[in-house]
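Contents: one structure, followed by commentary.
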There are 2 protein chains.
Amino acid sequence: MDTPLVRKLQRFARLSSGEKQALNEAARLNVRRIGPREDIIREGERPDQVNLILSGWACRYKQLEDGRRQIIAILLPGDLCDTHAFVMPEMDHSIGTLSVVTVAEIDRDALTTITEQHPRVTQALWWETLVGTAVQREWTVNIGQRTATERLGHLFCELFLRMRAVDLTDGPSCELPITQVDLADALGLSNVHVNRVLQELRANGLVTLRGRLLTIPDLPALKTASLFNPNYLHLDRIGRHLDATDE
Amino acid sequence: MDTPLVRKLQRFARLSSGEKQALNEAARLNVRRIGPREDIIREGERPDQVNLILSGWACRYKQLEDGRRQIIAILLPGDLCDTHAFVMPEMDHSIGTLSVVTVAEIDRDALTTITEQHPRVTQALWWETLVGTAVQREWTVNIGQRTATERLGHLFCELFLRMRAVDLTDGPSCELPITQVDLADALGLSNVHVNRVLQELRANGLVTLRGRLLTIPDLPALKTASLFNPNYLHLDRIGRHLDATDE
DNA sequence: CGCTACGTTGAGTGGCATCAAGCGCGGTGG
DNA sequence: CCACCGCGCTTGATGCCACTCAACGTAGCG
């Protein structure tokens, strides 16, 4: 069974079985289990390994002096937390868990070795970070321009599609292991308002939410209601650049 | 005289004179002059060269179907527009000018040649893009959590420091070749409200704005008023990693 | 069985948007 | 040289979207 990272990277590059194996092994070496609402890395720290989410949800966030918190990005299984550590020594934001999370700590040097041996992996990881910044740009648009309802709907579309990209959806449903307070901090809204907007989406039949399970019965409808355009996720094409002649 | 790109990169890596020369020459080959309010690249296009801003201001932006526009990033002299084109074929956003702009079109292959010959340049360019995404993260925080006044003050701090990093400030002042409408689209506010908030900043003596010249008489004061922490710009240290033994 | 965390609901408020009109200035053409 | 025009800035009036404060319901858990 491939790790979510490999499942995701395969959308971009056709990895050879050797490449997959190298990545999968690295992701199984130092696995750590972390409870919800804990920090993985804090602003100011200098990590010397890369954290890979294997299961559960985490987030990047920044906190202002007066306590206001903005969740900057939501990290799903298959997401790498701190690849920038290779170039930038000091974290300018924190990473914390939202749910129970298992992460693999991948040694910096181990990852370097893999990328040196497998240029396709290097390319695929580069693609991974570029998609991450494309998502970041879309969040700016989301918070800056969309109404509260559109914002929440847009976020649901994104999360659902990203979960599907790592095979963690079940038909029209996926896990949503995150509180309304966290949603609020991600969207720049208050938790009270998130609650009301959520009810509106439910009333319109655009989503249902039972327990921690999100269901989107009519994804196209939610997309149009949220002005959602999936192009920024760059999921559509398997990489033509990089074809593995499986050795 | 070095181009702004070299001036900026030197904050991170001590480049040899040969490296500087290579970059400067590439930036002087195909120079183009563009009027204000024009597009450099549009969403959906597939650029095969990299655009480098030499003078003037540009922006990344996205437009929703109903016309709402969000400026995602402001590009200053020394900024590269579309390095992701190396990995992602299709633009998921547009780049347009704010003022009159001169850009250098750098051929993709030419840049590849430079980076292959000069690993320090590769590293420095990587740093450049990482700073870009760090700025993007901070914009998310800015729009998501700060009040209108803090938002505008924060943006002014950032732009001033980034201009200073490429030696385009004059004491406490720098050019601000951008309209209030553009500021509004960058901050997720209406132009009317930007105008009022601007007056508030002026009344408090935090900024003065005459013609297209921004002056920040007391930068520390504006910083605290805006909850500004410059760490995300990663300007503080000249790279220790990468020292040129000038050949 | 009480505690805590999360979700829900109501009332009141305010920040910021929208609409609309007027101002100042530089550019252009008669 | 001046009238005209357009663009960007400014100001006022009005209204709504979303925030704050506060209380209560509910479910999981030690």
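Since the structure is predicted, the reported quantities are computational estimates derived from the model, not experimental observations.
Screening residues 150-166 of chain B for salt bridge (charged side-chain N to carboxylate O under 4.0 Å, His left out), with sequence neighbours left out, gives A/Arg68-B/Glu150, B/Asp79-B/Arg162, B/Glu158-B/Arg162. The salt bridge (charged side-chain N to carboxylate O under 4.0 Å, His left out) contacts involving residues 48-58 of chain A comprise nothing, where partners must be two or more places apart or lie in separate chains.
Within the 3.5 Å criterion, the main-chain N or O of A/Val100 finds no donor-acceptor partner in the side chain of A/Thr97. Under the 3.5 Å distance criterion, the side-chain polar atoms of B/Gln70 are left unmatched by any main-chain donor or acceptor of B/Gln63. Judged by distance alone, with hydrogens and angles left aside, the side-chain atoms of B/Asn24 form a donor-acceptor pair with the main-chain N or O of B/Thr3 at under 3.5 Å. In this structure, the side chain of B/Thr224 engages the main chain of B/Ala221 through a donor-acceptor pair within 3.5 Å.
Taking a 4.0 Å limit (strictly below) on heavy-atom distances, residues 58-77 of chain B does not reach DNA chain D anywhere.
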In residues 187-198 of chain B, what donor-acceptor pairs under 3.5 Å come from side-chain atoms, sequence neighbours left out?
{"residue": "B/Ser190", "atom": "OG", "partner": "B/His193", "partner atom": "N", "Å": "3.1"}
{"residue": "B/Asn195", "atom": "OD1", "partner": "B/Gln199", "partner atom": "NE2", "Å": "2.5"}
{"residue": "B/Asn195", "atom": "ND2", "partner": "B/Gln180", "partner atom": "OE1", "Å": "3.1"}

Could you give the side-chain donor-acceptor pairs of residues 200-215 of chain B under 3.5 Å, partners two or more places apart or in another chain?
{"residue": "B/Glu200", "atom": "OE1", "partner": "B/Thr149", "partner atom": "OG1", "Å": "3.4"}
{"residue": "B/Asn204", "atom": "ND2", "partner": "B/Glu200", "partner atom": "O", "Å": "3.4"}
{"residue": "B/Thr215", "atom": "OG1", "partner": "B/Ser173", "partner atom": "OG", "Å": "2.9"}

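Applying the side chain to side chain donor-acceptor pair (under 3.5 Å) criterion to A/Thr140, with sequence neighbours excluded, gives B/Gln136. Checked against side chain to side chain donor-acceptor pair (under 3.5 Å), B/Asp167 has no partners two or more places apart in sequence or in another chain. By the side chain to side chain donor-acceptor pair (under 3.5 Å) test, A/Asp107 is found to be paired with no residue, residues two or more places apart in sequence or in another chain being considered. Under the rule for a side chain to side chain donor-acceptor pair (under 3.5 Å), the partners of A/His154 that lie at least two apart in sequence or sit in another chain are A/Glu138, A/Arg146.
If you measure from atom CG of B/Leu176 to atom C1' of D/dC9, you get 14 Å, rounded to the nearest angstrom.
Along DNA chain C, the stretch of nucleotides lying under 4.0 Å from any heavy atom of chain B spans, 5' to 3', C/dC16 to C/dC19.
For the pair B/Gln180 and D/dC7, the criterion of a side-chain N or O lying under 4.0 Å from OP1 or OP2 is not met.
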Protein proximity profile, nucleotides 18-30 of chain D - base contact B, sugar-phosphate-only contact S, no contact -, cut-off 4.0 Å on heavy atoms: BSBB---------

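Rounded to 10 degrees, the angle separating the terminal helix axes of the helix from C/dC1-D/dG30 to C/dG30-D/dC1, each built from five base pairs, is 30°.
Within 4.0 Å (heavy atoms only), A/Arg202 reaches sugar-phosphate atoms of the nucleic acid but no base atom.
Judged purely by distance below 3.5 Å, without hydrogens or angles, the side chains of B/Asn231 and A/Glu43 pair a donor atom with an acceptor atom.
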